[in-house]
Amino acid sequence: MATAFKAADILLPKNIDMNKWAVVACDQYTGQPEYWKRVEDYIKDAKSTISLILPEVYLEEKDISERIEKIHENMKNALSEGIFEEYKSSLIYVERTQSDGRVRQGIVGVIDLEEYDYRKGSTSSVRATEATVVERIPPRVKIRTGAELELPHIMILIDDEGKTVVEPCETAEKTAVYDFDLMEKGGHIKGYVLGEKAKAGVFSALDKLNDNKAFNEKYGISGYPTLLFAMGDGNHSLATAKEYYERLKAANPDKDLSDHPARYALAEIVNLHSPALQFEAIYRIVTGVDTNKLMAEMKEKLSLSDTPSEQSFTAICNGNETKYYVGKPTSQLSVGSLQDFLDGYIERNGGKIDYIHGKDVVRQLAAQDNSIGFILDDMKKSELFPTVIKDGALPRKTFSMGHAEDKRFYVECRKISE
């Protein structure tokens, strides 16, 4: 019983400085152009993935078309210059030492896009965990259209409490293919091509997790399609790959594209139960509103009180901090009930929501006129899969999975054109 995760023909560079080759995911440091300038100055003319991606900090630049053309040219040159070694039908086991010293284990392969649907209410085996902002997809499709290579910063989670898929690779037969420090406090990374026995073990363990009867029993539900892969990071990149593949099919209705490389997207699967994975809450600050009116309506809508219940959050306004418990939740999570209300209130009354990581920043911003902040508890990892199964997707900006320097760095590549 094959799952959506498969072996891939993976390209790795050879005989180059890997520290300069690998750069962090393009959707990081979007408000810090100085970070990307520093990276470019450090790399200079060395072979690097910086020449094969478009950091999103530049998405609004006037020369965006020229940048994309240059990326496509760089991909062609990299292939023609023979800088890659190809590992056919392979899985790469990754050990990433994060900035906090913890080691995050994962396996790089491909996801079958036929089994992925990012729309809310999806019942596919690969699903988005947060709402997908469709407006963010077209600019990325422009980059993928005409590209000969893909580089993944996609991280997909599996709920493998028994640690049967990724963790056994640590002691399995494998061959080391890279081992180096990452730039900009990114930690260290090691990669190994798994042997045939280890590869078979990965697929066998995924098959067992994919058993629908066991899946429903595990979550105490009945009749639900199996959710095996839940997006961790890079959902918009996977959605872009899906959109490009669907457009390719639509443009070639008489052509069999079942084996086309664009049907797949390179990704890393990681166990939700890895001690290295930490979920951190993302807080809300609402500005430009009548805070008294907002709170009055929220108290009524959500039946807020000081009587303890499963959902709660703290409101901060004019220097006062008050913890409220939700009596009438509208979602599986506190953040969902809060976000549902705020979205509706702002649509009717105006105002703006910003998403903040630090509590002190929320307190500072909430001290301004017509502003109110909301602090939430960190989401429990055990809540992720049940919420996606029952609610379809989490509210946007529900949680952050690690700090920017610990996000995926681009190392592996794959051909996506025939």
After noting the C-alpha distance and the side-chain angles of Asn271 and Gln105, does the key distance pass the side chain to side chain donor-acceptor pair (under 3.5 Å) rule?
CA-CA 8 Å; Asn271 189 1; Gln105 299 165 291; over 6 Å; no

Presence of salt bridge, Lys415 and Glu148, under 4.0 angstrom:
no

Go through the side-chain N and O atoms of Asp391 and Ser331 and say whether any donor and acceptor fall under 3.5 Å apart.
yes

Can you name the nearest heavy-atom pair linking Thr387 to Glu383, along with the distance?
OG1-O, 2.7 Å

Identify whether the distance between the nearest side-chain nitrogen and carboxylate oxygen of Arg263 and Asp259 falls below 4.0 Å.
no

Charged N to carboxylate O below 4.0 Å: is that the case for Arg38 and Glu184?
yes

Quickly, which of Leu151, Val110, Leu149 forms a side chain to side chain contact (heavy atoms under 4.5 Å, CB included) with Arg414? Name it, please.
Val110

Heavy-atom distance under 4.5 Å between the side chains of Tyr87 and Val177, does that happen here?
yes

Looking only at heavy atoms, which two atoms of Lys88 and Ser90 are closest? And how far apart?
O-OG, 2.9 Å

Going by heavy atoms in the side chains, are Arg408 and Pro152 under 4.5 Å from each other?
yes

State whether a side-chain donor-acceptor pair under 3.5 Å links Asn212 with Thr226.
yes

On the 0 to 90° scale, with breaks at 30° and 60°, tag the Phe5-Phe229 ring pair as parallel, tilted or perpendicular.
tilted

Side-chain ion pair, Glu297 and Arg348, N-O less than 4.0 Å:
yes

Determine the sole option in Glu114, His260, Arg144 for which the side-chain hydrogen bond (donor to acceptor under 3.5 Å, both in side chains) test with Tyr245 is passed.
Glu114

